[in-house]
*Asks:* 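I'd like to ask some things about the structure below.
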Amino acid sequence: MAAEPQRLDRPQAGSITSQFGRGAAAPDYLKGLNEEQRDAVLTTEGPLLVLAGAGTGKTRVLTTRIAHILNSKKAWPSEILSVTFTNKAAREMKERIGALVGAGVEGMPWLGTFHSIGARLLRRHAELVGLRSDFTILDTDDQIRLIKQLLEAANIDEKRWPARQFAGMMDNWKNRGQLPTDVSMADRSAFANGRIPELYQQYQDRLKTLNATDFGDLLLLCIKLFRENPDVLAEYHRRFKYILVDEYQDSNVAQYLWLRLLAQGKPAPEANLCVVGDDDQSIYGWRGAEVDNILRFEKDFPGAKVIRLERNYRSTSNILKAASHLIANNESRLGKTLQTDVGEPGELVMVTSVWDSDEEARQVGEEIEQFQRQGDALNSMAILVRASHQMRAFEERFITLGLNYRVIGGPRFYERKEVRDALAYLRLVSNPNDDLAFERIVNTPKRGLGDSTLQILYDAARRQGTSLTTAVRTLVETEELKPKQRTTLRQLMDQFDDWAQRAQAVPPEDAVETEELAPGIVRRHTSHADLARQVLDESGYTEMWQNDKSAEAEGRLENLKELVNSMEEFDSLSGFLEHVSLVMDRDTGEADDAVSIMTLHSAKGLEFETVFLPGWEEGLFPSQRTLDESGRAGLEEERRLAYVGLTRARKRLRVSVAQNRLTHGLWQSAIPSRFLDELPAAAVEVKDTGSAYGGYGYGGRSGGGRFDTRDPFDSLYETPGWQRARAQASSRKSAGPVTIDGDLVARSVDDGRGSKYDVGERVFHLKFGYGRIEQIEGNKLTIEFEKAGRKKVLESFVQKP
DNA sequence: GCATAATTCGTTTTT
DNA sequence: CGAATTATGC
């Protein structure tokens, strides 16, 4: 309760803003801050690193600090640059500052995500980096399509060098601030036989022609802009008196460079740069985040002050003990120890061993229902998983139980096909030269314009050096197209002309709804939302889904409605489109009471009374792949992820391990996660579910405090996944990307010939017991076990009885 | 050009 | 096992 920011419902007008300066008594907003928090708020000058552990009131410090700067008139709202990673965080900060300072947070134009601020800067100076200020921001879909075209043009086999992979690599370079010429030699050979610089450059050129950027460019081009135009940079040095960064541990190299350029207005020891973060919660290394940025801050900014926030106001001491004990196993960290003021140690962290994922789900379901009967809200409980496929078991179970749940972080709204299609129509209305939008919708709904027709359009556009739309306009006047396609295209163009005209007629602000053209004759202006509705209806897009009788069609129509409705809030179509490409995020429908199911990654920053952490098994968590790819650093990141998971809980924490898990369609015996060994025995209670079979492993010995029982069985229970992973890991290190696949797992169907077993034969499996073979596919056997039911297992795992 | 069968391939995710 | 993409036949 103490440090969690109280939610002031409405900003109290002037109450705080009126007590500027003269500051006799400490301002209200400082009340209720602990010593360190207050220090962090009041140390406005010079570089400052705030190491804020989980639940120590990090956001509160950040927002209060801004309020303080404003209140003491050190800077105007427009002179503070305040960056976050997510829109959600930005929104939350806006709200909280509003509550502290009163109205006028809208006057903080430079509070936003790295990317939205980057876009803002670029639009102001677009011409200096070869763009027009109305450039479009590509989404991943567009990006992939563009790359595919480039690869094809460059005669590169897309089977061997997938566009996705190239997109991913480019993302990495851009995250590291590398332009085509900067890509290291090692990286160059990793794709298309060293043709990388060429392709990357072509991609950048193509973006420029399209007057477009991708997400990475929003930062990369800013850096370029600042480096090449010192006068522009100096302008921002003058402007930004204070710079604040949230979640600094998640920053990547490009963001770091971007920040350093902006913070260089004064010599390092005087830069008013405040970064807030927690090295122990850095979980986005795989996406290019450099924990090193935060670990290095004091070196980058000599004389930087470091403040540690270690007083945790969220969790019970048992939960904190567990989390601290676990994270202490990491070597690369600045070191903090969370402490709680709460006297009661609270419940022990409960660790449960279950038979398989179904039992896990059943058990969690039961517990949830029990807590619910005790009066807990479903909203106060969450299930945090490592990998999204774990969610299914829970969803299925909760459906049969009739338990209300919500999945957070699924496919985002604007990533849905129908939303993207609709947006493509609107983009094309607002900018006829948006080729990628054009491609997307020429034949959606089906208009009989397939690959061959499209090819003609491409050729024409390339020959003329124009956009597709322009090319189409000239083409429809010639004989090059088949008559049917020609008329279809002409009609389509006419429609777009019509829509564009209507878009022009839309009043810029929400000013006039109606207009008297002549006495008695009133013409209604179309709003953007109306226009969108018309576009979707007249293009036949809405109809396409109405005629679709699949299950999801109805939902898609709903989404379209929602999209159109959400447009009402925007002044202009372009404003709306910017919002969508940059800002639009899922609305967390917290309306009704429901258990949250989400990944550990998307749980960062949230908290719940009760938290379930299922699937603590080697290979799954820590993830085998991370281990293979990033070794010890990977393991440490996984451990931080575990730490994030543990620290989400306020009162109750339940961890579970399944003894068997279905991976890649095969049942594999699982080994309890090493992280379980790293929980302190004193804060943990072990519960064995007393499963009928397979008494090996975790639950086997209860109580003890030494959780590790895997050693004696190691060789017996080596699963194929492990063996394969190991084989790959070792081969990867020595000889680049060689694919050694197959032998151990899927050898395709050969009716059991070559197998030493026959259908119908009775066999014994170490974990599932006795069973009868139902089917043989290569080295995979489908066996009906007497106790464990029907499973698919590898031949090497069974033996003749 | 389009619907359907066959095949591939499996973390985490924001912007 | 299942989604998601690609090859195949009409």
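This is a predicted model, so every value here is computed, not measured. In what follows, every chain begins at residue 1, and chains take the letters A, B, ... in the order their sequences are listed.
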*Asks:* Whole angstrom is fine here: how far is it from CG in A:L221 over to P in B:dT15?
*Replies:* 20 Å
*Asks:* I'd like to know whether A:F215 forms a side chain to side chain contact (heavy atoms under 4.5 Å, CB included) with A:T140, so could you lay out the CA-CA distance, the side-chain angles of the two residues, the decisive distance to 0.1 Å, and finally the verdict.
*Replies:* CA-CA 9 Å; A:F215 278 111; A:T140 353; 5.8 Å; no
*Asks:* Stacking here means centres under 5.5 Å and planes under 30°; does A:W286 stack on B:dT12?
*Replies:* yes
*Asks:* When you check the side-chain N and O atoms of A:Y248 and A:N293, is any donor under 3.5 Å from an acceptor?
*Replies:* no
*Asks:* At under 4.0 Å, does any side-chain N or O of A:T599 touch on OP1 or OP2 of B:dT13?
*Replies:* yes
*Asks:* State plainly whether the residues A:D141 and A:R420 are in salt-bridge range, i.e. N to O under 4.0 Å.
*Replies:* yes
*Asks:* I'd like to check the side-chain hydrogen bond (donor to acceptor under 3.5 Å, both in side chains) partners of A:Q204; sequence neighbours left out, ordered by chain and number.
*Replies:* A:K174, A:D217
*Asks:* Do you know the tightest heavy-atom contact between A:D214 and A:Y203?
*Replies:* OD2-OH, 2.8 Å
*Asks:* In whole angstroms, how far is the P atom of C:dT6 from the CZ atom of A:R160?
*Replies:* 17 Å
*Asks:* Please determine whether the number of non-hydrogen atoms from other residues, nucleotides or ligands lying under 6.0 Å from atom CZ of A:R164 exceeds 12.
*Replies:* no
*Asks:* Nearest-Å distance, CG (A:L666) to P (B:dG10)?
*Replies:* 15 Å
*Asks:* For A:K88 and B:dT15, give me the distance from atom NZ to atom P, rounded to whole Å.
*Replies:* 10 Å
*Asks:* Pull out every residue in residues 384-398 of chain A that has a heavy atom closer than 4.0 Å to any atom of DNA chain B, ordered by number, or say none.
*Replies:* A:R386, A:A387, A:S388
*Asks:* Without decimals, in angstroms, what is the distance between A:L138 CG and B:dT15 C1'?
*Replies:* 13 Å
*Asks:* Produce the list of close N/O pairs, under 3.5 Å, pairing protein atoms with atoms of nucleotides 1-3 of chain B; give distances to one decimal.
*Replies:*
| residue | atom | partner | partner atom | Å |
| --- | --- | --- | --- | --- |
| B:dG1 | OP1 | A:S452 | N | 3.3 |
| B:dG1 | OP1 | A:S452 | OG | 2.2 |
| B:dG1 | OP2 | A:G450 | N | 2.6 |
| B:dG1 | OP2 | A:S452 | OG | 3.3 |
| B:dC2 | OP2 | A:N443 | ND2 | 3.1 |

*Asks:* Are A:W258 and A:F114, when compared by the centres of their aromatic rings, separated by less than 6.0 Å?
*Replies:* yes
*Asks:* Please determine whether the number of non-hydrogen atoms from other residues, nucleotides or ligands lying under 6.0 Å from atom CD of A:Q165 exceeds 12.
*Replies:* yes
*Asks:* I need the NE2-P distance between A:H601 and B:dT13, as an integer number of Å.
*Replies:* 7 Å
*Asks:* Please determine whether a side-chain nitrogen of the Lys or Arg among A:E629 and A:R625 lies less than 4.0 Å from a carboxylate oxygen of the Asp or Glu.
*Replies:* yes
*Asks:* Nearest whole angstrom, please: distance from the C1' of B:dT12 to the CD of A:E638.
*Replies:* 8 Å
*Asks:* Please report, rounded to the nearest Å, how far the C1' atom of B:dT12 is from the CD1 atom of A:I597.
*Replies:* 17 Å
*Asks:* Suppose you measure atom C1' in B:dT12 against the same atom in C:dT5; what distance do you get, rounded to whole Å?
*Replies:* 22 Å
